[in-house]
Number of protein chains: 2
Amino acid sequence: MTARRAASARATINDVAAVAGVSRGTVSRVLNSEAYVSDAARSAVTDAISKVGYVRNSAARNLATRQSHAVGLVVHEPHSLFLEDPNIGSILLGINSALSDADYQLVSLVIDSERDSHRVAEYLSGGFVDGVIIVSARAHDPIAKVVAELGIAAAFVGHPVDIEGIPYVGIDNFSAAKAITTKLKETGRRRIGMIAAGLDRDSGQDRMAGFRAALGDAFDPDLVITTPLYAHTSGIDGMRLLLDRAPDIDGVFAASDAMAAGVLDVLREVGRSVPGDVGVVGFDDSAWATRAQPPLSTVHQPAGQLGRRAAESVLAQLRGETVDTAGIFLETAIVWRDSA
Amino acid sequence: MTARRAASARATINDVAAVAGVSRGTVSRVLNSEAYVSDAARSAVTDAISKVGYVRNSAARNLATRQSHAVGLVVHEPHSLFLEDPNIGSILLGINSALSDADYQLVSLVIDSERDSHRVAEYLSGGFVDGVIIVSARAHDPIAKVVAELGIAAAFVGHPVDIEGIPYVGIDNFSAAKAITTKLKETGRRRIGMIAAGLDRDSGQDRMAGFRAALGDAFDPDLVITTPLYAHTSGIDGMRLLLDRAPDIDGVFAASDAMAAGVLDVLREVGRSVPGDVGVVGFDDSAWATRAQPPLSTVHQPAGQLGRRAAESVLAQLRGETVDTAGIFLETAIVWRDSA
DNA sequence: TTGTATGCGTTATCAT
DNA sequence: ATGATAACGCATACAA
């Protein structure tokens with residue numbers, strides 16, 4: 001057996017109009033639920049629609065309205081994002097949910113190569129989408145720049161440090177980091193270190209600042225290890241360094257659960273108990289946190305809401321509303337488990 | 001500061017034609033790299049294109065050609081898939097890569113509600129996409145049925161048990177399961193159990209059959225625990241049951257790494273060493289495998305290739321080629337680590 | 001090799 | 001409240 005292509009001719013508005021005994025204009029009006037349609041005409045049209053099995057042709061509609069009824073989601077570095085970022089899935093679901101409610105289609109634009117980057121840039125300027133959502137852009141992001149210059153409706157999830165004038169939604173990383181560090185301190189720790197990452201984004205900077213604020217005078221810059229990636233291996237390397245610099249360390253704040261898991265591995269390796277000898281806290285409340293031994297105390301991010309709010313911002317812009325670009329910050333919650 | 005909407009009028013083929021001093025037809029020809037265009041005309045057109053900053057309007061093109069140059073990826077159960085399935089990210093990347101090469105746009109259609117399901121079904125019949133790829137459909141999947149009836153170009157990643165006539169690409173679950181079970185047996189184990197899942201798909205059935213085939217006469221149906229989900233908790237529950245039924249068990253094949261990790265947790269809890277007392281093997285070669293203590297011996301899936309081949313099948317159908325629907329099976333590899 | 005004319009299926013404008 | 005009719009921007013068959 002072999003596969004075949006689509007066939008059957010599709011019904012058009014003309015067919016519907018003919019069956020309903022009205023004009024195309026009237027059909028179009030009921031399709032777009034406009035006013036000024038008689039009940040008789042309306043029911044005749046809806047009957048005809050189901051009778052001929054009409055479904056509207058989007059290409060023609062997009063051409064006529066100059067809108068695509070689609071919103072793009074730009075996904076950079078898909079490898080690290082899809083395989084490492086614990087929140088991306090929930091963010092995507094939140095976006096889809098909001099868009100779905102408004103009958104917009106989500107189009108995922110994944111950038112996995114230089115070629116993709118060009119294609120997507122062209123895609124965005126080509127009218128394929130009415131708006132765009134960008135997740136975790138880095139500084140000097142070329143696509144983000146294109147979007148800013150184009151003036152297309154857009155929103156960021158997470159805020160790139162070098163782009164202004166585009167609304168964004170994120171969490172208050174500073175307060176969250178400060179809160180969990182404070183809680184860690186309150187378990188009686190005296191020498192607390194941090195493994196910081198992603199300093200090329202606001203989020204990374206703010207987590208570090210929150211840590212520092214929580215410690216106040218007790219803050220020791222030597223006890224802060226910085227690393228580019230939020231990866232498991234970064235946690236391992238970071239903890240080794242920390243142990244070198246301060247053998248008497250008794251508390252660690254890792255800026256991600258993945259890194260915190262690495263910290264745990266090193267601690268087990270050198271025979272220090274958790275939370276007995278050392279208290280460890282993470283960030284994200286990802287699968288890493290529940291999987292770890294012991295399960296991690298960490299910061300929960302409202303990932304789904306992050307996506308939903310970003311989508312709603314784009315939708316509002318599309319409706320012509322004026323949107324504040326100051327940034328929306330969603331509440332986080334501390335989840336206290338057994339690692340501290 | 002406030003955000004604004006798109007503005008600037010876009011250049012059309014007419015503008016290009018005017019600047020280049022040729023007709024629209026000629027411009028269209030060089031755009032589609034057809035033959036019968038003089039070098040002079042071609043270079044004049046390309047110059048004009050960059051001069052006026054022309055980018056083609058897809059809606060108009062789609063309307064004229066009656067094609068969308070887009071392929072949909074239907075993603076069901078996004079929660080479990082994005083949050084649990086270790087391979088979905090790589091599959092998506094493989095699809096995108098193949099589509100990108102052919103200048104097709106990937107459109108992710110996520111189904112997260114009844115409403116989504118209807119929208120997507122309509123979307124598919126509405127000419128928004130030329131083809132569709134469906135990942136891990138279950139039996140009685142409504143979307144899969146719509147696709148089958150529509151006769152639209154399509155391919156499955158993984159094979160739903162009740163749909164015929166649509167090409168699919170997957171791995172040889174039977175052989176893979178048989179191979180890793182055999183290898184586990186060869187480490188000297190005598191009482192080997194299995195935790196099976198996803199029996200509503202070919203993949204789940206085949207893994208169980210492979211396990212049985214590897215054991216031959218030593219196969220004991222009492223040592224096979226079946227569970228619907230490939231989840232971590234399923235592994236925990238399954239291992240407890242197994243321990244009840246066969247306290248002398250010394251080997252376990254879990255049908256996913258997530259479940260194998262659960263097995264490990266239970267074993268640690270009851271004080272049995274791995275791989276000393278019990279040898280454990282998983283399936284997927286996901287992050288679970290490397291994160292586990294000890295790291296899991298498991299079956300590696302060529303996830304990226306899975307996606308790529310499915311996309312290529314759809315592309316071939318779109319070119320009008322006849323495609324075999326017998327199923328394509330990709331090679332797996334055993335990754336031997338420390339858990340057995 | 002190139003230009004012209006027509007059609008793709010909607011929406012939107014203007015009469016009626 | 002409804003019906004004609006003109007865009008929308010491109011591809012393409014046909015003529016030249």
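Please read all numbers here as calculations on a predicted model, not as lab measurements. Below, read A as the first sequence line, B as the second, and so on, with proteins coming before strands; counting in each chain starts at 1.
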Heavy-atom side-chain proximity of B:V22 to B:V45 below 4.5 angstrom: yes
Donor-acceptor pair, side chain of A:T65 and main chain of A:R61, under 3.5 angstrom: yes
Backbone N/O of B:T322 and side chain of B:Q317: donor-acceptor pair under 3.5 Å: no
Side chain to side chain, A:V74 and A:V132, heavy atoms closer than 4.5 Å: yes
Boundaries of the chain B footprint along DNA chain D (any atom under 4.0 Å from a heavy atom): D:dG9 to D:dA13
Main-chain N/O of B:T12 paired with B:D15 side-chain donor or acceptor, under 3.5 Å: yes
Sugar-phosphate or base contact per nucleotide [nucleotides 9-16 of chain C; S, B, -; heavy atom under 4.0 Å]: BBS-----
Side chain A:D130, main chain A:H69, donor-acceptor under 3.5 Å: yes
Bend angle of the helix from C:dT1-D:dA16 to C:dT16-D:dA1, from helix axes over five pairs at each end, nearest 10°: 40°
With A:I152, the side chain to side chain contact (heavy atoms under 4.5 Å, CB included) member among A:V146, A:I166, A:V147: A:V147
Minimum side-chain heavy-atom gap B:V71-B:V129 below 4.5 Å: no
Under 3.5 Å side-chain donor-acceptor pair for B:N62 and B:S68: no
B:N96 side chain to B:R308 side chain, donor-acceptor N/O pair below 3.5 angstrom: no
